Amino acid sequence: MIRVLFLAQLREQLGAAELQVVAEDVVSIATLKQYLVAGHPHWEQFLSNSKLLVAVNHQYAKADVALKTGDEVAFFPPVTGG
Amino acid sequence: MIRVLFLAQLREQLGAAELQVVAEDVVSIATLKQYLVAGHPHWEQFLSNSKLLVAVNHQYAKADVALKTGDEVAFFPPVTGG
Amino acid sequence: MSFSIAVQTQDFDIGHEYAELVAGDTAVGAVVFFVGRVRDMNHARDVKSMSLEHYPGMTENILQNILDEAKARWELIAAHIVHRVGELQVGDQIVFVGVTSAHREHAFQAAEFLMDFLKTQAPFWKKELTTQGSVWVEENVKDVDASKRW
Amino acid sequence: MSFSIAVQTQDFDIGHEYAELVAGDTAVGAVVFFVGRVRDMNHARDVKSMSLEHYPGMTENILQNILDEAKARWELIAAHIVHRVGELQVGDQIVFVGVTSAHREHAFQAAEFLMDFLKTQAPFWKKELTTQGSVWVEENVKDVDASKRW
């Protein structure tokens, strides 16, 4: 399983904080996004936002990063701390 | 009278902290220096140092500033606070 | 403490942070501090309070990365980052960055670098409670530009 | 206090300075502090203590000029400069510069500006007591260069 998190404003937009995806279903961040949108068509406008950031296992990741079972993937908007 | 001060390392080099000069004797910083050197020839090497700074009445001044009675003139080396 | 980070709900005390940062080190010639606070006005919105969310685990990783990068770029003796999360009121402290060095230019540059990268990399998000309701703070273009100069 | 300067033999307390600087002002988003301290090594000289001389009257004038210039250049809410004179030991605090603003870039730049100009304009002179005897500190070319960028 891959643990998928949605944080901050994105969590509110999707109405979801976390879900589990079977690893065989996805091979990269890009295909994970396609898989999520296939199951929730109204998420597309939010997940296709070019400003959206992605982290895999607590480090920033690009869309072509390969995923494996046990990974934690997080999607979130630009950060605004400090 | 003009009050003339020598500060920090310059005071130690000249062996003098302060002296009074009659205003008619000097008309500018440059002529004040000449006057001081005329009275104390061994001061020349220190007073001709191009790094020496001069203040008139607590503000930095150039060599051509005119002096008048009651002025306070200070000569000192580059500053090293902070 | 030398080099450390903290993410916490509790407030921090500047006098205490300073004392810890310089404790026992006589090579320190320069200390630079930055404190970020909740101000009452942001982009013309009248702010009452704010809620600060973060991504536990990643936040600590990123802050540690930024600190390591600063250590590699400048001659630092100690550096400490504290960032608060949770509910904060106007006037509350949000973030502390403290850096010590033998030289002031290293301390100043490292502190600015830490803040610029913290602002654009560390996974914190602010939601302001304003007189017009609650608003997620938008990415600040000035912060993005500032982080590009390093 | 808003904008003020002090030249004094007594030590200063960072927690107290910070509290005074931000007191009651909820528009402050950013606070930058600089503290300069006597370090045990300067240009390979082993420093034991130092004596700080200044030019009373002119010092206050110059510090006030520098503060006025910073106020004119950046959006500042408050700024405070404290500089000690007299006999100081290794590890002692020498100078404090604290600046508050709504914006961090203003606070950082003003603090750096104040220190660069204080270093090159304010009439203070350091005489170090080292293991090789007493030595007047020489003008630092890096400080002169730093002051030229503004």
Side-chain angles (χ1 to χ4, degrees), chain C residues 12-19 21-43 46-48 77 89-109 111-116 118-119 140 142-143 145-146 149, chain D residues 12-19 21-43 46-48 77 89-109 111-116 118-119 140 142-143 145-146 149:
Chain C
F12 48 82
D13 178 76
I14 296 303
H16 176 76
E17 294 298 337
Y18 174 74
L21 210 52
V22 300
D25 201 321
T26 54
V28 172
V31 186
V32 172
F33 273 26
F34 176 85
V35 183
R37 297 166 62 93
V38 182
R39 62 195 166 98
D40 52 17
M41 193 63 75
N42 193 18
H43 295 100
D46 209 352
V47 177
K48 298 295 161 205
I77 295 171
Q89 307 301 313
V90 166
D92 277 357
Q93 302 182 130
I94 304 170
V95 59
F96 169 82
V97 164
V99 177
T100 72
S101 173
H103 308 289
R104 97 177 171 287
E105 67 275 21
H106 290 247
F108 266 121
Q109 288 196 36
E112 285 196 71
F113 169 89
L114 288 171
M115 278 308 303
D116 285 349
L118 185 155
K119 283 258 178 194
N140 188 335
K142 276 198 305 183
D143 290 333
D145 289 345
R149 61 187 161 141
Chain D
F12 48 82
D13 178 76
I14 295 304
H16 177 75
E17 294 299 335
Y18 174 75
L21 210 52
V22 299
D25 201 321
T26 54
V28 172
V31 186
V32 173
F33 272 27
F34 176 85
V35 183
R37 298 166 63 92
V38 182
R39 60 194 166 96
D40 54 16
M41 193 64 75
N42 193 18
H43 296 100
D46 209 351
V47 178
K48 298 294 161 206
I77 295 171
Q89 307 302 313
V90 166
D92 278 357
Q93 302 182 131
I94 305 170
V95 60
F96 170 81
V97 164
V99 177
T100 72
S101 173
H103 309 289
R104 97 178 172 287
E105 67 276 21
H106 290 246
F108 266 121
Q109 288 197 34
E112 284 196 72
F113 169 89
L114 288 171
M115 278 308 302
D116 284 351
L118 185 156
K119 283 259 178 192
N140 188 334
K142 276 199 304 183
D143 291 333
D145 290 344
R149 62 189 161 140

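The chains referred to below are lettered A, B, ... by the order of the sequence lines, with proteins before strands, and numbering in each begins at 1. Keep in mind that this is a model prediction, so the values were computed, not measured. Just so you know, these numbers use all the heavy atoms, side chains as well, and skip hydrogens, waters and symmetry mates.
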Across all chains, not counting sequence neighbours, the salt bridge (Lys or Arg N to Asp or Glu O under 4.0 Å) partners of D/K142 are C/E105
Minimum-distance pair of heavy atoms, taken over all atoms of D/F34 and C/A30: CE1-CB, 3.6 Å
When D/D92, D/V22, D/D13 are compared by non-hydrogen pairs under 4.5 Å with chain C, the top option: D/V22
dist D/D25:CG -> C/D40:CG (nearest 0.5 Å) comes out at 7.5 Å
Determine the option with the most heavy-atom pairs under 4.5 angstrom with chain D, choosing from C/A111, C/G91, C/G36, C/G29. C/G29
Rounded to the nearest 0.5 Å, how far does OH of C/Y18 lie from CZ of D/F33? 10.5 Å
Below 4.5 Å from any heavy atom of chain D, which atoms of C/D116 appear? Answer side chain, backbone, both or neither. both
Closest heavy-atom pair, C/R37 versus D/V31, reported as atoms and distance to 0.1 Å, is CD-CG2, 3.9 Å
Tell me which of these, D/H103, D/M115, D/E112, D/M41, has more heavy-atom pairs under 4.5 Å with chain C than the rest. D/E112
Tell me, side chain or backbone of C/A107 under 4.5 Å from chain D's heavy atoms, or both, or neither? neither
Results of side-chain contact (heavy atoms from CB on, under 4.5 Å) for D/A102 - residues two or more places apart only: C/R39
Residues two or more places apart in sequence or in another chain: which of them pass ring pair (Phe, Tyr, Trp, His ring centres under 6.0 Å) with D/H16? none
Nearest 0.5 Å, please: how far is CG in C/D143 from CZ in D/R104? 4.5 Å
With chain C as the partner chain, list the residues of residues 93-101 of chain D whose heavy atoms fall under 4.5 Å from it, by residue number, and write 'none' if nothing qualifies. D/Q93
Is chain C contacted by the side chain of D/V38, its backbone, both, or neither, given a heavy-atom distance below 4.5 Å? backbone
